[in-house]
J.: 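Handing you this structure, nothing more for now.
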Amino acid sequence: MASLRQEFLRRKPVTAMAQETGADTGKGELSRSIGLFQLAAFGIGATIGTGIFIVLTEAVPIGGPAVILSFVLAGAVAGLTAICYAEMASAVPVSGSSYSYAYATLGEGVAMVVAACLLLEYGVSSAAVAVGWSQYLNELLDNLFGVTIPDSLSSAPEQGGVFNLPAVILVVLCSLLLIRGASESAKVNTVMVLIKVGVLVLFIVVGLQGWNSDNLSDFAPFGLTGVTSAAGIIFFSYIGLDAVSTAGEEVRNPRRTLPLAILIALTVVTTLYIAVALVAVAAQPAEDFEGQEAGLAAILEDVTGSTWPATVLAAGAVISIFSVTLVTLYGQTRILFAMGRDGMVPPLFHRLNPRTLTPVPTTIIVAFVVATLAGVLPIDFLAEMTSIGTLVAFLVVSVGVIVLRRTAPDLPRGFRVPLYPLTPILSIAGCIWIIQDLRPRTIYVFFAWAAVALAWYLLYGRRHSELGRPGDAEDVTS
Amino acid sequence: MTMVVGVSPDRRGTAELDLAAMLARSAADDLILCTIVPSPWPPSPAKVDAEYRAELERIATEALEVARAHIPADIPATTLVRPARSVPAGLLEMAEEHDARVLVVGSSSIGAFGRVALGSVSSWLTEGLEAVVGYGESWEEALEDIKWQDGDVLAVGSSASGPIARVFLGSRASKIVRSSPVPVVVAPRGAAAELAGRAARGETRA
């Protein structure tokens, strides 16, 4: 019988992962076909639009016009973590998420905590995005037909409502598509990205009319703390950049291409975000952001005095946020699938429908939980929980880079971080800096959540771990 | 020449394999046994779903092994797992890529026993076709009237002159197909004529 310490620290051998995914049979091999431009474009598409439509309303009251600096800070930390993520992904090339990387490098217990973070990064962010969608839908309905869904049915109890019905409906719709085995063609995906970029450019161009330098005069009313606190919320809008990191296997000359692609994507995205933020903070006083629903559309309406630009923006947001919700829900169900296979969650989570080959029970459970969160929790709390989850997951990955360099220096890595150990150390420091300025409530809830995950591990995971089954360990390493 | 056989990953039934083996033997064709799995989604090189995809690959490979074992060893057959956005789309892509002249799919399990039922896959594949067989008050009677023998198939030709992807089946033809007690070959006109010719020469009798 293994001791708790041994169980907590047992790592999934990289060779076992390779066997399971068929990478060593040649079937899992992917041709290196992606170039720099393609990868950067993919990173931009995956990052833009997850949060920018909703974060300003929450971030500006905390940071003032200095949120522009928050974007730079959040972007820099996102870039550093993405580079560390790339090394981990290339060392454990057959697995899909930071949960698996942690399992292979830092042990089962840490992997469970990372999994708890990923439930925030994917599950809770689906809820946050769905609430944002509901705001833009209401704006669109109002502008087009003059009807709005009453507050009681479109906002969380904390904001005076009862239940956010549109957000719940969105989650249910997306889940039905996922159960059916929906997929989106590359073409549709490109169109979605173009819509997102298009409406943001529209916002910048039209919103410039409302430029008033007076609004910028009190630039940083809450000082540096305000900037970092806001960066914590804004980090949410950089989720997706890590998708570039996991593409290492398919990238030509990854050592040069990966960091450059991350840098290019980051520069483009940050520039666009800063332009949006600058136009927004110059258009209205910082206090006006507080509680503003469908923020970007509302600003356009105030600035122009006409409704059409706001309507176009809201329509773009409604369409593109729908696809973002699908993507994050999909990610959540597939991460739980991997955990189910490892025995960290009940086997139900890796059951596939034999006909559609989709994880139907997982999708239903995820839909139920996410819909409930989206229905009753306010967006600022959901966004902050997403940010802290993502930051801690990245923090662990950055630590993992250092640990793995020490424990397995000879492990082949397709990509190594430049300027080691400076890069992972800066990445770790950046994450901690942003985390510690989040609201105390967010941090407490996060610790409670991590404790729940650990308790789950002690009571369930360590006893059901596939790795702990007698005989298996010998099989996979032979 | 090749025939593409859609192998369902749930490994229910072997009718399509029997039919494919019979057709392949009579026409001296190669078989490509193909299982379609959902394609990576969203379409991106990111791979949060790596473990899920590996499992799909495993399930499909296993189904194909079973299917291959069911086909007599002397019939040349290769197996292939293909990711696609939908099963029909994937099968049609396969058929086009390999210049297949026949695409064999199983009948849905929801039909009356002993009758062909078009599942979601097969009805998508076979919309809008023009019928070639049958006399009687109803299609069902007409088909019952025929003295079917072991190894017989019902060949229905499409009026479309396009490639295999352009085969469509209308309400009349779909009634015929549903009433058929034997496997149905739905084919573009050229291929249907060829099959009928072979049948006339007695080649399709196993």
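Here is how names work: the chains are called A, B, and so on, in the same order as the sequence lines, proteins then strands, and each is numbered from 1.
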J.: Which residues satisfy the salt bridge (Lys or Arg N to Asp or Glu O under 4.0 Å) test with A:E87, sequence neighbours excluded?
T.: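 A:R405, A:R413.
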J.: Could I get the full list of salt bridge (Lys or Arg N to Asp or Glu O under 4.0 Å) partners for B:E65, not counting sequence neighbours?
T.: none
J.: What part of A:T356 lies closer than 4.5 angstrom to a heavy atom of chain B: side chain, backbone, both or neither?
T.: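 Looking at A:T356, just its backbone touches chain B.
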J.: Going by heavy atoms in the side chains, are A:P259 and A:F415 under 4.5 Å from each other?
T.: yes
J.: Measure A:L352 against the heavy atoms of chain B and call it side chain, backbone, both or neither at under 4.5 Å.
T.: side chain
J.: Is it the side chain or the backbone of A:Y122 that comes within 4.5 Å of chain B heavy atoms, both, or neither?
T.: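 A:Y122 touches chain B through side-chain heavy atoms alone.
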J.: Does this structure show an ion pair linking A:K12 with A:E108, if we count only N-O contacts that are shorter than 4.0 Å?
T.: no
